[in-house]
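Values below: every heavy atom of this structure, side chains too, minus hydrogens, waters and symmetry copies.
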Amino acid sequence: MITVDDAQAAVGQAEASQQLSAPAAAAIRRWLAESPFAQYRPRLLEDIEAKRWKTLDDAFFAVLEFGTGGRRGVMYPVGTNVLNARTMAESARGLADYVTGRKGEGSPRSCVIARDSRHNSPEFADLCARVLAAAGFTVYLFPEARSTPLLSFAVRHLKCDAGIMITASHNPPSDNGFKCYAATGGQVIPPDDAGIIACVKSVSDGEIPEMPLDRAKAEGRLVLVGSEVDDAYITAVVGESVGHARGISIVYTPLHGVGETSVAAALAADGFKKVNILASQRTPDGDFPNVPNHVANPENPSALEAAIAEAKATGADLVLASDPDADRIGVGLPATADKAGPWVTLDGNQIGVLITAFVMKELEAQGKLRSDQYLITTLVSTGMTAALGKREGIKTEGDLLVGFKWIGERIDREGPAGFLFGFEESHGYLKGTYARDKDAAVASVLFAELAATVKDRKQSVLEYLDDLYIDVGHYGEHLINKTYKGREGVEQIKALMAAFRSTPPRSVGGAVVTEVYDYQAHEIRTLKGSAPARPLPEPSGDLLIFHTSVPGVRFAARPSGTEPKIKFYLFARSEVKSPEKLAEAKAETRTRLDHMARDIEEYVTSALARSG
């Protein structure tokens, strides 16, 4: 194998020929020379000898940071911009040091750790436990795979100072992640996230102590947890039930994730007896082998195809799917009364407004809907939530950035006693205050109750949704995801955000763009005329929302905090003048969204061409 000296020389040559960026080359030199990285040196030397410069550049050109879901990215054995044993250990030690700094070295400190079924998740969870135990923490560890919302619940239930969830949610098999939770059970938010990042940076140059798990257990530093927390969690989920009907049959798929421990368990505990867990996608498997393209994302209609085929063959009423860590759901429904005929999948906004309306109406019928209750959603979710809330006299908190951590934070800010329901368009939902993160289990229970209730009324879920449109107007949404990987991808995403910020399109879908709300610059800019910018208060994030001359028509742009993507959210609304005019309103909305999507795609292509 190549020597370290020869490797250093090869790195210099690769930098000189621009096969490696300067930041990547500097980081690789450190890993070749410094003792904390000695165990990774054989693999690094192998990559250098094989001249895997593109792979190494992507792995070392930056430090993987915390986004809307914590630290998430591609796994690779070496590198600072990827997930591996070193970056995972740095994350755990950084969290430990931050909590210790706030509580004091002599104070009792505790952390609960869970993980999903992804590749390396068991190893990463054990590693985090060893690091936290060495840092003086009492560690509660789930030895088997569990869901993310259970981890959120467990932080609160066990009264821990912090929580760690090893997961990459619905990302491809190549990815994993470190989700960091505060004592509230919510994902960390400012200023804690910045404080943790600073602590992570401070340990990135040195050795990171670990305590063997058998020693940690013997000294009382490690406590294995399981059924007692599971049972308390399922009881809490089922406690959020609002309906009484149960007469439906369900095909449920965990998409090779952990959902059988939470979603299926909650449905059974809630009294749903006809739940068929799809055999082909039942086994937890980090490769997600029987899911199209191996991407177990219930936002994608293709992920539900196998479950829908099973439902059609067996005459089921409903398809439910959860992602690998069981915090999001997907829904499939028969398009007509013929269950063997065509089926449709709902988008995240449709699922959200259906549950919102159902929860409010059921509580109202029980005399439990109160005027001091509130709904929560995000700036890039449908405006239909606020319209439904207004119809029932319920306030909607809708000025939140993307990321369920903000919904968790708002629950605590506004008061948990008044929280009714919260969701974001990316298929995440929560009712109840047992957790501070989205939960596929409670969402599945509520949607199953909705489907059973409307079936008892001789109505379909889609007919129920149409009734909502007739009441408040037809709302339609469309999401455009553009993926740009690696160092070049980072620059492309930055270039696109800069273009939309400085020279945005003047019209989309035939509607004139009138204003841009810039949540990074904290200002509202008028695009026509010379009116001065107006101040825009919090929240603060890299998000642009463009309003137009047509009421209800707007779009937003933001870089993803967890994936190498830039996302565009399109919104349109059409009046429904009478029940007979609903089809016409739907067609109007769809046409508008199609034209908006075409215009934005064209703008993205031209903006990238201009940026070189």
Participant: For the aromatic rings, using the six-membered ring if either is Trp, is the centroid distance between F568 and F500 under 6.0 Å?
Facilitator: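 Centroid separation for F568 and F500: below 6.0 Å.
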Participant: Would the H547 and Y517 ring centres measure less than 6.0 Å apart?
Facilitator: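 Yes, close enough.
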Participant: Are there over 12 heavy-atom neighbours, none belonging to K567, within less than 6.0 Å of that residue's NZ?
Facilitator: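 Yes.
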Participant: Hey, are the side chains of D439 and V237 touching, using non-hydrogen atoms and a 4.5 Å cut-off?
Facilitator: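 A side-chain contact under 4.5 Å exists here.
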Participant: Please tell me if the side chains of P284 and H256 come closer than 4.5 Å, counting only heavy atoms from C-beta onward.
Facilitator: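 Of all side-chain heavy-atom pairs linking H256 with P284, none is under 4.5 Å.
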Participant: Do the side chains of R246 and D270 get nearer than 4.5 Å, heavy atoms only?
Facilitator: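 A side-chain contact under 4.5 Å exists here.
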Participant: Could you label the plane-to-plane angle of the Y429 and F421 rings as parallel, tilted or perpendicular, counting under 30° as parallel and over 60° as perpendicular?
Facilitator: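 Ring orientation, 0 to 90° scale: parallel.
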Participant: One thing to verify: whether E575 and K581 come together as a salt bridge, which I'm taking to mean a side-chain N less than 4.0 angstrom from a carboxylate O.
Facilitator: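 Answer for the salt bridge query: no.
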Participant: Looking at G473 and R573, what are the two nearest heavy atoms and their distance?
Facilitator: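 Closest pair (atom of G473, atom of R573, distance): CA-NH2, 3.8 Å.
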Participant: Quick check: do K368 and Q373 have side-chain heavy atoms less than 4.5 Å from each other?
Facilitator: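 Side-chain contact under 4.5 Å: no.
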Participant: Quick one: do the R118 and T167 side chains pair a donor with an acceptor below 3.5 Å?
Facilitator: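 No - no donor-acceptor pair under 3.5 Å links their side chains.
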Participant: Under the salt bridge (charged side-chain N to carboxylate O under 4.0 Å, His left out) criterion, do K395 and E397 qualify, and how do the steps go?
Facilitator: CA-CA 7 Å; K395 178 178 70 169; E397 298 281 325; 3.2 Å; yes
Participant: Heavy-atom distance under 4.5 Å between the side chains of F404 and D327, does that happen here?
Facilitator: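 When only atoms from C-beta onward are counted, D327 and F404 do not touch, as no gap falls below 4.5 Å.
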Participant: Let me confirm one number: the CE-OH distance from M596 to Y569, rounded to the nearest 0.5 Å.
Facilitator: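 If we round to the nearest 0.5 Å, M596:CE and Y569:OH are 14.5 Å apart.
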Participant: Are any of the side-chain heavy atoms of I376 and T396 separated by less than 4.5 Å?
Facilitator: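 Counting from C-beta outward, I376 and T396 never come under 4.5 Å.
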Participant: What distance separates S574 OG from R592 CZ, expressed to the nearest 0.5 Å?
Facilitator: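 If I round to the nearest 0.5 Å, the distance is 7.5 Å.
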Participant: Strictly by modelled atom types, are D437 and S152 linked by a side-chain donor-acceptor pair under 3.5 Å?
Facilitator: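 Distance-only check fails for D437 and S152.
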Participant: May I ask you to say whether E601 pairs ionically with K482, meaning some side-chain N is under 4.0 Å from a carboxylate O?
Facilitator: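 So E601 pairs with K482 through a salt bridge.
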Participant: Y252 and S322: side-chain donor and acceptor closer than 3.5 Å?
Facilitator: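 Per modelled atom types, Y252 and S322 side chains form a pair under 3.5 Å.
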Participant: Does S460 use its side chain to pair, donor to acceptor, with the backbone of E463 at less than 3.5 Å?
Facilitator: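 Judged by distance alone, yes, a pair lies under 3.5 Å.
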Participant: Donor-acceptor pair, K455 side chain versus G247 backbone, under 3.5 Å?
Facilitator: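 Such a contact is found between K455 side chain and G247 backbone.
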Participant: Are R554 and F546 close enough that some pair of their side-chain heavy atoms sits under 4.5 Å apart?
Facilitator: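 No, their side chains stay 4.5 Å or more apart.
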Participant: Could you check whether atom CG of N293 has more than 12 heavy atoms from other residues, nucleotides or ligands sitting under 6.0 Å from it?
Facilitator: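 For N293, atom CG is not crowded (no more than 12 foreign heavy atoms under 6.0 Å).
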Participant: Looking only at side chains, do T148 and D325 share a donor and an acceptor under 3.5 Å apart?
Facilitator: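 Short answer, yes.
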Participant: Side chains of E538 and S540: any donor to acceptor distance under 3.5 Å?
Facilitator: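 Short answer, no.
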Participant: Report yes or no: do E424 and T378 form a side-chain donor-acceptor pair below 3.5 Å?
Facilitator: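 There is no such pair (donor and acceptor under 3.5 Å, judged by atom type) between the side chains of E424 and T378.
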Participant: Kindly state whether the ring of H294 and the ring of F288 have centres lying under 6.0 angstrom apart.
Facilitator: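 Distance test on ring centres: not under 6.0 Å, no.
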Participant: If you measure from CE on M165 to CG on D116, what distance do you get to the nearest 0.5 Å?
Facilitator: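 CG of D116 is found 5.0 Å from CE of M165.
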Participant: Between H157 and A232, is there a donor-acceptor pair closer than 3.5 Å when you use the side chain of the first and the backbone of the second?
Facilitator: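 A pair under 3.5 Å: no.
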